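We use all heavy atoms of the structure for the numbers below, so side chains are in, but hydrogens, waters and symmetry mates are not. Throughout, protein chains are lettered first and strands after them, A, B, ... in sequence-line order, and every chain is numbered starting at 1. What you are looking at is a predicted structure, and each value in this text was computed from that prediction instead of being measured.
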Amino acid sequence: MLKVFNTLTRQKEVFTPITSGIVKMYVCGPTVYNYIHIGNARSAIAFDTIRRYFEYKGYHVKYVSNFTDVDDKMIKAAKEANTTVPAIADKFIAAFMEDTTALNIEPATKHPRATENIKDIIEFVQDLIAKGYGYESEGDVYYRARKFAHYGQLSHQNIDDLEVGASQHTDPEEVNRKEDPVDFALWKAAKPGEISWDSPWGKGRPGWHIECSVMSTKYLGDTFDIHGGGQDLTFPHHENEIAQSEAKTGQKFANYWLHNGFVTVGDDNEKMSKSLGNFVTVHDILKTVNPQVLRFFMATTQYRRPIQYTQGNLDDAANNLKRLQTAFNNLNYRLKDAEPGNDPKIEQEIRQIEADFVDQMDDDFNVQNGIAQVYELAKLGNVYAERPVVFKDSLAFILKTLTELVNIFGIEFKQETLNDDGVEALINERLDARKNRNFERSDEIREQLKAQGIILEDTPQGTRWHRDDEKGNA
RNA sequence: GGCGGUAUAGCCAAGUGGUAAGGCAAAGGUCUGCAAAACCUCCAUCGUCGGUUCGAAUCCGAUUACCGCCUCCA
């Protein structure tokens, strides 16, 4: 039984989808005014891993994740680059796809853009005004937060305890246009020269929160299963989404709210974010770090835990990943001399490990206990691969299970390509030298290949080699 | 001021009442001509103080440190 920690109730709850066998989830995507930073990547990786686990369990997942492609930052970025907002959006959406593909993040079922849904957004706002939740003020439209009875339910805040301006992000002039400081913008009037759309309230653009209410309900229905995003979105963003959506539909918005923890960077252990300016982009990191290593590092930290992004932690992840890849190689290598048939006892042990894995992952995606089971499997595989006689079906069974489980974390094993004639010739020369106990020559050859990044291993089944992938250790 | 998170070995990190998973690193060993890979062994009383209990990392109280949100942040 799969349980998830629901921010709404602050408890782990049994996950029951609205429609049997289908998971409808919405995850807040980035504002596309720059390359994504590792905090964005963490969120995307966390929810991609969750999605992959649902798929492993046999669910069909409808996964929607938006791009915020118009807001103050987009306008500022366009101005600074002396270009248009849509051009900035196109550039960084393409970069997003490139980065997330490198990290083996599956594309969403739908990646809607705010600007492609302006008509729906305007209708949604009109509906809120008609129901008494929205009001126009000098071309802006605001939401009466106090009118929504459950305001604060997600962040567990009492509306009267909110300290207005505590984030130091509020605009004093905007506050003057509100009936109440706790109200928030649904629609913002355009300043001269800004990108805008015609609306019943004049030229303007959507407020930040409304796009997610509109696009999630548009593509997933008034009520859907899971809404995800970073912890910093709980308040105000997600709180406001609930207020908007439930005021409009009268239905419950999302059944389960999942929030991922932050990435901290550097020794001060401070949250990394675009607004603090201490962010590291995936685009830059991938110049020196193997994307599979970054993926593995983040995917094997439970989604609610903070991640400290340091070189040391990255190195550990690289070592751990290498251990699994080596086990895969060891097993794969024995396929060619394996006997037909299988070993029921081994296969029983594998099934048990996989069952334990599922038990752990069912507990709010406890990936750290889950991955411990994968290491168990790797160990079992290594031991099995050293047996004098191995059975083909059992070997294949271990390989299949190992591959399936690491795939949940977004890892694809590399197949060794052993078809370099020059290397083979040297290996054969070395085998002859060893046969003649000319170890001087044989060691010389091994050193020579090592200098080329090729590592030789003598096994009872012969000599094999692999490339020492430097980047994999970066 | 309100709400929340974290603190376990050199590092990462499980564990929610019964005498501390797992991985990395280090050390020793088996295997090997030597290696590599693998396997085996070894490595902590859980921020601090106090309480409850036969028994607590786990429950309660207090305390310290760090971090986050409070209407632009994943």
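A21(B): no Watson-Crick or G-U partner with both key distances under 3.5 Å is found in any strand. Base pairing analysis places C31(B) opposite nothing; no Watson-Crick or G-U wobble pair with both distances below 3.5 Å involves it. Pair assignment for A7(B) gives U64(B), based on Watson-Crick or G-U wobble hydrogen-bonding distances that are each under 3.5 Å. Base pairing analysis places G1(B) opposite C70(B); the two distances defining the Watson-Crick or G-U wobble pair are each below 3.5 Å. When both distances must be under 3.5 Å, the Watson-Crick or G-U wobble mate of A37(B) does not exist. With a 3.5 Å ceiling on both atom-pair distances, A57(B) lacks any Watson-Crick or G-U wobble partner.
Counting distance only, with no hydrogens placed and no angle test, the side-chain atoms of Arg446(A) and the base atoms of A35(B) include a donor-acceptor pair under 3.5 Å. For U32(B), the base has no donor-acceptor partner in the side chain of Asp458(A) [N/O atoms by modelled type, under 3.5 angstrom].
Listed nucleotides U6(B), C34(B), A74(B) differ in distance to Arg305(A); the shortest reach to its side chain belongs to U6(B). With C40(B), A74(B), G22(B) as the choices, the nucleotide that has an atom nearest any side-chain atom of Ser43(A) turns out to be A74(B). Set against A38(B), G33(B), C12(B), the side chain of Arg434(A) has G33(B) as its closest nucleotide. Considering only side-chain atoms of Lys73(A), the nucleotide from A37(B), C72(B), G4(B) that sits closest is C72(B). When the nucleotides U71(B), G22(B), C34(B) are ranked by their closest atom to the side chain of Tyr375(A), G22(B) comes out on top. In this structure, the nucleotide among G33(B), C3(B), G1(B) sitting nearest to the side chain of Glu163(A) is G1(B). Of all nucleotides listed (G68(B), U71(B), A38(B)), U71(B) comes nearest to the side chain of Phe184(A). For Ala372(A), the listed nucleotide lying nearest its side chain is G22(B); candidates were C39(B), C70(B), G22(B). Taking only side-chain atoms of Asn369(A), from C-beta outward, the nucleotide of A74(B), A21(B), G22(B) with the closest atom is A21(B).
Distance Lys12(A) NZ to G15(B) P: 7 Å, rounded to the nearest Å. Between Asp232(A) atom CG and G5(B) atom P there is a gap of 16 Å when expressed in whole angstrom units. When the C1' atom of A26(B) is taken as reference, atom CG of Asp316(A) falls 13 Å away, rounded to whole Å. Straight-line distance from the OH atom of Tyr33(A) to the P atom of A74(B): 7 Å, rounded to whole Å. Taking atom CG on Leu324(A) and atom P on A37(B), their separation rounds to 15 Å, with Å as the unit. Atoms CD (Glu376(A)) and C1' (C39(B)) sit 13 Å apart, rounded to a whole Å. As a whole-Å value, the separation of Lys322(A) NZ from A25(B) C1' is 14 Å. Between His156(A) atom NE2 and C69(B) atom P there is a gap of 19 Å when expressed in whole angstrom units.
OP1 or OP2 of A36(B) has not a single side-chain nitrogen or oxygen of Arg430(A) nearer than 4.0 Å. Between Arg323(A) and the phosphate of C24(B), there is a side-chain N or O to OP1/OP2 separation shorter than 4.0 Å. Within the structure, a side-chain polar atom (N or O) of Asn366(A) is placed less than 4.0 Å from OP1 or OP2 of G15(B). At least one side-chain nitrogen or oxygen of Lys379(A) sits closer than 4.0 Å to the OP1 or OP2 atom of C40(B). Asn319(A) has no side-chain polar atom (N or O) that falls below the 4.0 Å cut-off from OP1 or OP2 of C24(B). Between C12(B) and Asn313(A), no contact under 4.0 Å exists linking OP1 or OP2 to a side-chain N or O.
Backbone-only contact: Asn382(A) has heavy atoms under 4.0 Å from sugar-phosphate atoms and none from a base. Gly152(A) comes within contact range of no nucleotide atom at all, as no heavy-atom separation falls under 4.0 Å. Counting any heavy atom pair closer than 4.0 Å across all strands shown, Lys450(A) reaches no nucleic acid atom. Using a 4.0 Å heavy-atom cutoff across all strands shown, Tyr151(A) reaches at least one base atom of the nucleic acid. Among the heavy atoms of the strands lying under 4.0 Å from Ser442(A) is at least one base atom, whether or not backbone atoms are also near. If you check every strand for non-hydrogen atoms under 4.0 Å, Arg304(A) touches nothing. Looking at heavy-atom distances under 4.0 Å, Val182(A) makes contact with a base. Residue contacts for Gly229(A): at a heavy-atom cut-off of 4.0 Å it reaches the sugar-phosphate backbone alone, with no base atom in range. Thr234(A) comes within contact range of no nucleotide atom at all, as no heavy-atom separation falls under 4.0 Å. Within the nucleic acid shown, His37(A) comes within 4.0 Å of at least one base atom, counting heavy atoms only. As judged by a 4.0 angstrom heavy-atom cut-off over every strand, Leu233(A) is placed among residues touching the sugar-phosphate backbone only.
Rounded to a whole angstrom, the distance from the C1' atom of C11(B) to that of A25(B) is 7 Å. For the P atom pair drawn from G18(B) and G55(B), the interatomic distance equals 15 Å after rounding to whole Å. Here the separation of A26(B) from U41(B), taken at their C1' atoms, is 14 Å to the nearest Å. Spacing between U48(B) and A7(B) at atom C1', rounded to whole Å, works out to 11 Å. Nucleotides C70(B) and U53(B) are separated by 41 Å at their C1' atoms, to the nearest Å. With P as the reference atom, G17(B) and A57(B) are 13 Å apart, rounded to whole Å. G28(B) sits 47 Å from C69(B) when the P atoms are compared, rounded to a whole Å. On the P atoms, A74(B) is 24 Å away from A13(B), given to the nearest whole Å.
Using modelled atom types, no side-chain atom of Ser65(A) and backbone atom of Ala108(A) make a donor-acceptor pair closer than 3.5 Å. A donor-acceptor contact shorter than 3.5 Å links the side chain of Tyr384(A) to the backbone of Phe391(A). Between the side chain of His156(A) and the backbone N or O of Leu154(A) there is at least one donor-acceptor pair closer than 3.5 Å. Between the side chain of Ser245(A) and the main chain of Ile242(A), no donor-acceptor pair closer than 3.5 Å is present.
Aromatic pair His238(A)/His259(A): centroids less than 6.0 angstrom apart. Within the 6.0 Å centre-distance limit, the rings of Phe92(A) and Tyr35(A) are counted as a close aromatic pair. Aromatic pair Phe67(A)/Phe96(A): centroids less than 6.0 angstrom apart. Aromatic rings from Tyr135(A) and Tyr143(A) are positioned such that their centres are separated by 6.0 Å or more.
Among the candidates Asp140(A), Asp72(A), Asp71(A), the single residue satisfying the salt bridge (Lys or Arg N to Asp or Glu O under 4.0 Å) test with Lys188(A) is Asp72(A).
Annotation: of the two residues near RNA chain B, Ile455(A) and Pro181(A), the 5′-most nearest-nucleotide partner is Ile455(A). In terms of position along RNA chain B, the nucleotide closest to Glu440(A) lies nearer the 5' end than the nucleotide closest to the other residue of the pair Val263(A) and Glu440(A).
For the 3.5 Å distance criterion, the side chains of Asn313(A) and Gln308(A) fail to qualify, holding no donor opposite an acceptor.
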